[in-house]
Amino acid sequence: MPTYTALVAGAGGLTGSHLLQLLLQHPDYSQVTILVRHPLPINHPKLLQITVNFDQLEQYAPQLAANHVFCCLGTTIKKAGSQENFKKVDYHYIVNLAQLTAAAGAQQFLLVSSMGANPASSLFYSKVKGQTEQAIMQQPFSAIHIFRPSLLLGNRQEYRFGEQLAVTAFKALGFLMAGSLAKYRGIEAHDVAKAMLATALTPQTGTHIYLSDQIQQIADNR
Ligand SMILES: NC(=O)c1ccc[n+]([C@@H]2O[C@H](COP(=O)([O-])OP(=O)(O)OC[C@H]3O[C@@H](n4cnc5c(N)ncnc54)[C@H](OP(=O)(O)O)[C@@H]3O)[C@@H](O)[C@H]2O)c1
């Protein structure tokens, strides 16, 4: 049985924390390295935590080698405080991570992006997400997997008022979103994590983009 090493950025977040648990439990992964701002209260024989300053990620380059890189990093414009700070996290940190891990020999890069990501979008959030995807696609990985979930569902430690309203609405109206509207249905962050893991373990090359309904299918078929 092949064994892989994984590197996760954003492992303390909603999607990343589910993914981390799945990776630690999976026999195909021999080591899981996480890049964190603050150590997480988790101990596991396969877990290696590296506390990093994402502004100077190149300093940690020798520790960034892994077969599969999972990026669940991201913030919101509200949390970041400005568009510039948002772009620092959702573009610069992520692209820098991709460049450094590609240089360190990673084969796969799996990114949680967002529904609507489009470098030509008039919406700043969607534009940045699209620019990030575009920059990732330039990196020399054997496989690049971009997940574009709709609204992420799950138990968040912090309270996001607008998002909570959307979650309630999406849950109430989810049954209406069938057929071509299925890609707009909210998706459990746990299912996004399941789909990322299943995708990483399916041998394939090239660049692949998954909308919410496709992510759900992958998670359900796992
Ligand atoms: N929320 C939604 O409904 C939604 C929908 C579609 C796509 N997305 C995208 O999906 C991705 C994952 O979302 P999520 O809700 O699972 O993430 P999340 O819970 O907000 O967690 C984000 C992760 O990014 C890290 N992070 C944030 N700001 C940082 C900074 N300045 N420096 C270093 N690390 C930082 C956080 O680290 P700490 O643990 O240290 O805070 C955390 O681990 C994001 O890119 C998001 O934009 C979200």
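Whatever order the structure lists them in is the order used to number ligands and atoms, beginning at 1. Hydrogens, waters and symmetry mates are skipped; everything else that's a heavy atom, side chains included, is used.
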Taking the side chain as every heavy atom from C-beta outward, state whether [X] and [Y] have any atom pair closer than 4.5 Å.
| X | Y | result |
| --- | --- | --- |
| Leu57 | Leu64 | yes |
| Phe109 | Gln139 | no |
| Leu111 | Phe70 | no |
| Leu73 | Leu97 | no |

With a cut-off of 4.0 Å, which atoms of ligand 1 are near a heavy atom of [X]?
| X | result |
| --- | --- |
| Gly10 | 23 (C), 43 (O) |
| Val112 | 10 (O), 11 (C), 45 (O) |
| Tyr125 | 7 (C), 8 (N), 47 (O) |
| Pro149 | 6 (C), 7 (C) |
| Ser150 | 5 (C), 6 (C) |

Exercise for the section: Please confirm whether the backbone N or O of Asn67 pairs with a side-chain atom of Thr5, one donor and one acceptor, at under 3.5 Å? Expected result: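 Checked: pair present.
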
Exercise for the section: Check whether any side-chain N or O of Thr101 sits under 3.5 Å from a backbone N or O of Val69 as a donor-acceptor pair, and report yes or no. Expected result: no

Considering both backbone and side-chain atoms of [X], is one of its nitrogen or oxygen atoms within less than 3.5 Å of a nitrogen or oxygen in ligand 1?
| X | result |
| --- | --- |
| Lys79 | no |
| Leu151 | no |
| Phe54 | no |
| Leu152 | yes |
| His38 | no |

Handout entry: Candidate pair Asp220 and Gln216, rule side chain to side chain donor-acceptor pair (under 3.5 Å), full reasoning
Key = CA-CA 6 Å; Asp220 292 345; Gln216 190 67 64; 3.2 Å; yes

[X] near ligand 1, heavy-atom distance under 4.0 Å?
| X | value |
| --- | --- |
| Cys72 | yes |
| Lys129 | yes |
| Ser113 | yes |
| Ala9 | no |
| Phe147 | no |

Practice task
Determine whether the side chain, the backbone, both or neither of Leu14 has a heavy atom under 4.0 Å from any heavy atom of ligand 1.
Solution key: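 Near ligand 1, Leu14 shows its backbone as well as its side chain.
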
Using a 3.5 Å cut-off and no angle test, enumerate the donor-acceptor pairs between side-chain atoms of residues 40-49 and protein atoms at least two apart in sequence or in another chain.
{"from": "His44", "atom 1": "ND1", "to": "Lys46", "atom 2": "N", "distance (Å)": "3.0"}
{"from": "Lys46", "atom 1": "NZ", "to": "Leu24", "atom 2": "O", "distance (Å)": "2.9"}
{"from": "Lys46", "atom 1": "NZ", "to": "His26", "atom 2": "O", "distance (Å)": "2.7"}
{"from": "Lys46", "atom 1": "NZ", "to": "Tyr29", "atom 2": "O", "distance (Å)": "2.8"}
{"from": "Gln49", "atom 1": "OE1", "to": "Leu40", "atom 2": "N", "distance (Å)": "2.8"}
{"from": "Gln49", "atom 1": "NE2", "to": "Leu40", "atom 2": "O", "distance (Å)": "2.8"}
{"from": "Gln49", "atom 1": "NE2", "to": "Ile42", "atom 2": "O", "distance (Å)": "3.2"}

Practice task
Taking all heavy atoms of Ala80 and all of Asn85, pick out the closest pair and write down the distance.
Solution key: O-ND2, 3.1 Å

Handout entry: Heavy-atom nearest option to atom 44 (C) of ligand 1, drawn from Val128, Leu73, Asp55, Ile187
Key =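 The residue whose heavy atom sits nearest atom 44 (C) of ligand 1 is Leu73.
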
Fill in the blank from the handout: Closest to atom 21 (O) of ligand 1 by heavy-atom distance, out of Ser114, Gly13, Ala80, Ala117, is Gly13

Practice task
Flag the pair Asp90 and Lys129 as a salt bridge only when some basic side-chain nitrogen lies within less than 4.0 angstrom of an acidic carboxylate oxygen.
Solution key: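 Judged by the 4.0 Å cut-off on N to carboxylate O distance, Asp90 and Lys129 do form a salt bridge.
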
Problem - Any residue meeting ring-ring contact (aromatic ring centres under 6.0 Å, His included) with His92, in chain and number order, not counting sequence neighbours - result: none

